[in-house]
Protein chains: 2
Amino acid sequence: MLRVSKLTDYGTLVMSHMAGSPDRLFSVTELAGTLRLNTPTVSKVLKALGRHNLVTSVRGTRGGYALARPAGTISVAEIVDALEEQPFGLTECSALSGTCDLESGCRIRANWQRINTAVRGVLNGISLADMMQPAPVAVRPSSIATRVAPRVIADKLKTQ
Amino acid sequence: MLRVSKLTDYGTLVMSHMAGSPDRLFSVTELAGTLRLNTPTVSKVLKALGRHNLVTSVRGTRGGYALARPAGTISVAEIVDALEEQPFGLTECSALSGTCDLESGCRIRANWQRINTAVRGVLNGISLADMMQPAPVAVRPSSIATRVAPRVIADKLKTQ
DNA sequence: CAATATAGGACCGTTTTAGTCTTATTTGCG
DNA sequence: CGCAAATAAGACTAAAACGGTCCTATATTG
């Protein structure tokens with residue numbers, strides 16, 4: 001599906017909202033209210049983020065959550081890692097059932113892993129602070145692609 | 001889960017194998033045999049690829065499948081598009097339930113879409129021929145391996 | 001002690017995915 | 001013509017993932 005889960009989506013929303021007031025605590029109910037999300041869901045997201053030390057929590061009557069670090073030092077990749085259950089990876093393995101002919105499967109697999117790190121690089125390069133900017137963060141789409149296979153890209157851009 | 005489906009994985013395997021002999025036809029049973037995949041599954045994959053005109057098919061006794069175009073002109077993004085059901089997109093929408101406070105949700109959403117195109121750019125820049133190379137295709141070494149530094153990267157990359 | 005909050009985890013319904021199967025259609029060949 | 005081989009299309013099933021809820025425990029404040 002090549003899609004980030006809703007939990008990750010909520011995570012970026014919640015964290016970016018908290019980033020607006022880095023010095024105070026937000027309770028789950030407050031966050032759910034202002035962001036129009038369900039309370040248990042927000043709770044689940046924050047618990048997961050807390051386990052990965054992206055947010056800190058304070059229990060008790062006046063407790064709540066806050067970002068563990070400044071928004072500029074938290075990457076989207078970290079949020080994805082915290083909220084997506086399975087470890088990051090575009091494929092589990094291209095050659096699942098034993099060896100296929102000529103190890104070509106393993107070649108494919110190695111290349112998938114390369115693509116993988118490239119995608120991860122994109123996610124790693126965007127911080128929570130970037131996500132909050134009203135103007136879209138500058139992520140040049142073809143910066144990575146261009147130096148790989150220029151001919152393909154040229155063809156694609158013409159036909160799409 | 002930010003992962004490509006198994007069908008897509010199979011698709012790259014099957015297509016890269018067919019790319020080895022661009023001038024002949026491969027039957028489903030042959031492909032399944034050499035790649036150690038199940039026949040119906042291979043059939044399913046090829047049917048989907050055929051609907052998207054990535055492979056051509058010939059029915060009948062000596063029929064089979066072949067790549068519709070040279071491997072160098074087929075991008076991984078096209079295979080993903082053909083085999084992933086849902087349209088490409090990392091999030092469906094970051095602000096699902098109406099408007100959240102201050103439109104921050106929509107800001108997040110816009111930025112997810114930017115990230116989206118960047119990821120797609122990566123996939124778009126890799127051709128099937130690249131995937132077949134024994135040496136991993138050059139997808140820009142992950143100089144971004146470590147955390148943080150997002151600000152620097154975001155600034156360095158120019159807007160689309 | 002009581003109220004308020006998070007922590008952890010179990011639980012369930014829905015959706016998606018992977019895979020199989022059935023039926024129809026096309027083509028080659030004796 | 002008629003049979004065999006092959007794809008086309010889609011229905012169907014089992015399993016896994018996802019989204020969401022709920023329950024119980026624990027910590028903090030006053």
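Below, read A as the first sequence line, B as the second, and so on, with proteins coming before strands; counting in each chain starts at 1.
- D:dG19 atom P lies 8 Å from atom CD of A:E84, rounded to whole Å.
- Between A:T29 and C:dA5 there is no side-chain N or O to OP1 or OP2 distance below 4.0 Å.
- Atoms NZ (A:K47) and C1' (C:dG8) sit 6 Å apart, rounded to a whole Å.
- Here the side chains of B:R69 and B:L54 are in contact, with some heavy-atom distance below 4.5 Å.
- Across B:I79 and B:G11, no two heavy atoms sit closer than the pair CG2-C, 4.3 Å.
- Checking the phosphate oxygens (OP1, OP2) of C:dA18, a side-chain nitrogen or oxygen of B:S5 falls inside 4.0 Å.
- Atom pair B:E30:CD and D:dT7:P shows a separation of 10 Å (rounding to whole Å applied).
- Evaluation of atom-type donor-acceptor distances gives no pair under 3.5 Å for the side chain of A:K6 against the base of D:dG19.
- Taking only side-chain nitrogens and oxygens, A:Y10 comes nearer than 4.0 Å to OP1 or OP2 of D:dG20.
- One N or O on the side chain of B:D130 and one on the backbone of B:S127 form a donor-acceptor pair closer than 3.5 Å.
- Residue B:S27 has its side chain nearest to D:dT7 when only D:dG10, D:dT7, C:dG19 are considered.
- Atom CG of B:D9 and atom C1' of C:dG19 are 15 Å apart (whole Å).
- Minimum atom distance to the side chain of B:V28 is reached by D:dT7, of the listed D:dT7, C:dT20, C:dG28.
- Note on A:L46: nothing from the nucleic acid sits closer than 4.0 angstrom, heavy atoms only.
- Taking only side-chain atoms of B:K44, from C-beta outward, the nucleotide of C:dG9, D:dT29, C:dA18 with the closest atom is C:dA18.
- Taking the side chain of B:R59 as heavy atoms from C-beta on, and the options D:dC22, C:dT25, C:dA18, the nearest nucleotide is C:dT25.
- Taking 4.5 Å as the limit, every side-chain heavy atom of B:N111 sits out of range of all side-chain heavy atoms of A:V76.
- The backbone N or O of B:G121 lies less than 3.5 Å from no partner atom in the side chain of B:N124, so there is not a single donor-acceptor pair.
- For A:R51 and C:dT6, the CZ to P distance is 14 Å, given to the nearest whole Å.
- Within 4.0 Å of B:G64, counting heavy atoms only, lie sugar-phosphate atoms of the nucleic acid but no base atom.
- At the phosphate of D:dT21, OP1 or OP2 sits under 4.0 Å from a side-chain N or O atom of A:T41.
- Remark: C1' of D:dA5 and CG of B:L25 are 13 Å apart, rounded to the nearest angstrom.
- Along DNA chain D, the nucleotide nearest to A:G60 and the one nearest to B:S43 differ in position, and the one closer to the 5' end is contacted by B:S43.
- Separating the CZ atom of A:R62 from the P atom of C:dA3 is a distance of 18 Å, rounded to the nearest angstrom.
- In this structure a side-chain-to-backbone donor-acceptor pair under 3.5 Å is present from A:E84 to A:S5.
- Out of D:dG20, C:dT20, D:dA9, the shortest distance to the side chain of A:N38 is found at D:dG20.
- For A:S57, whose side chain is taken as the heavy atoms from C-beta onward, the closest listed nucleotide among C:dT6, D:dT21, D:dG19 is C:dT6.
- Counting to the nearest Å, the C1' atom of C:dT6 and the CE atom of A:M18 are 13 Å from each other.
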